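This structure is a prediction, so every number in the text was calculated from the model and none was measured.
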Amino acid sequence: FSSRRRHTRSLCDWSSDVCSSDLGSEHLFGVPAEEAQHNPGAIFERIEAPDARKLLTATLESMQNLTPYDVELSFRCRNGKRKWLRSMATPRLQPQGSTLWDGVAVDISLQKTAEIALRESEQRFRNVLDFSSAMVYLKDLEGRYLFVNRRTAETFGVPMEDWIGKKPSDLFPEDVAEQFIRNDRRVIESLRPRQVEEAFSLPGGRRAHFLAEQFPVFSSAGDPYAICGFSTDVTVSKQSESELRLRDRAIQAVASGIVITDAQHADNPLIYVSPGFERLTGYLAEEVDRKSTRLNSSHTVISYAVFCLK
């Protein structure tokens with residue numbers, strides 16, 4: 001091997017002992033090669049229990065079928081440091097009936113440490129997004145879901161594991177799916193963030209409105225590979241806006257003069273006068289001094305029906 005300090009090569013008779021071992025065993029396990037040959041338990045006892053059973057199972061199957069094995073194992077060095085290795089060996093049946101393995105153990109600690117760090121990072125990422133009140137999702141450029149948070153799954157009543165790899169057309173009614181696909185396409189075509197309102201019926205029949213903020217996701221090479229979206233339920237605010245517009249139309253239609261002032265200020269400044277007020281007084285809205293309850297002409301203090309906002 002080109003780097004014998006990072007690899008261990010051994011001829012191992014599982015039923016008895018390690019027949020030969022190079023200096024890599026000392027670097028990998030902290031066990032000198034001579035000790036490993038005379039006392040193989042010094043190596044095997046350092047393998048963590050679940051992985052030791054995995055190695056034993058793989059070895060027995062290899063011996064019975066005379067097929068190679070390839071397993072990943074974690075172990076503790078003599079200094080207490082945890083490491084990982086990949087053990088690969090090919091069996092050879094000996095004339096006397098024993099089995100001899102020609103094997104290699106490769107230190108994969110850096111790779112496994114990076115994998116664990118990545119999984120932990122992904123779990124933290126999911127924990128944060130799962131507690132978000134917004135629906136969060138990630139799709140590839142073909143529209144297949146790569147990730148959804150718990151809020152998304154709960155909103156649509158579809159388990160989280162049933163989203164991955166599916167397209168909107170696989171999950172939603174045609175009209176809802178077409179709306180999502182159309183909005184996704186616009187983000188892909190422009191490669192720019194986009195904000196859009198989406199309205200659809202949820203399971204159970206409730207009509208809901210969502211404000212979706214979508215943006216493209218780029219690789220380290222600068223190529224787009226996904227779309228991310230945050231969708232917030234704005235149904236209540238949309239209903240409030242609708243009610244306010246209806247109320248405004250009703251006020252506009254009232255024949256009586258209506259004036260609204262802000263009672264939080266000492267001089268009760270005007271913030272609204274109705275068309276009815278204009279008809280009754282002959283004063284246009286723009287002639288009213290909004291900073292006080294007096295008209296610009298200073299002739300009259302307004303004495304019509306006043307609604308004070310507190």
Identify the two heavy atoms, one from [X] and one from [Y], that lie closest to each other, and give their separation to 0.1 Å.
| X | Y | result |
| --- | --- | --- |
| P224 | L141 | O-CD1, 3.3 Å |
| K139 | P168 | NZ-CG, 4.0 Å |
| Q214 | D184 | NE2-OD1, 2.9 Å |

Transitive ILVMFWY cluster of V148, excluding itself - 4.5 Å side-chain cut-off: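 Besides V148, the hydrophobic cluster comprises M135, Y137, Y145, F156, V158, W163, L171, F172, V176, F180, F200, L202, F210, listed by chain and residue number.
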Who are the ring-ring contact (aromatic ring centres under 6.0 Å, His included) partners of F147, not counting sequence neighbours? F125
Are there over 12 heavy-atom neighbours, none belonging to R86, within less than 6.0 Å of that residue's CZ? no
Is any side-chain heavy atom of K83 closer than 4.5 Å to a side-chain heavy atom of C77? yes
Can you tell if the side chain of Y225 reaches within under 4.5 Å of the side chain of D140, non-hydrogen atoms only?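 They are not in side-chain contact.
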Apply side-chain hydrogen bond (donor to acceptor under 3.5 Å, both in side chains) to residues N127 and Q123 and explain how you reach the verdict. CA-CA 6 Å; N127 289 342; Q123 187 58 50; 2.9 Å; yes
Interatomic spacing from OG1 in T113 to CD1 in I108 - rounded to 0.5 Å: 9.5 Å
Nearest-0.5 Å distance, OG1 of residue T152 to CG of residue D130: 9.0 Å
Salt bridge check, [Y] against [X]: does any charged N sit closer than 4.0 Å to a carboxylate O?
| X | Y | result |
| --- | --- | --- |
| D233 | R206 | yes |
| K112 | E115 | yes |
| D170 | K167 | no |

Residue list, side-chain contact (heavy atoms from CB on, under 4.5 Å) with E178, at least two apart or on another chain: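 E178 satisfies side-chain contact (heavy atoms from CB on, under 4.5 Å) with E174 only.
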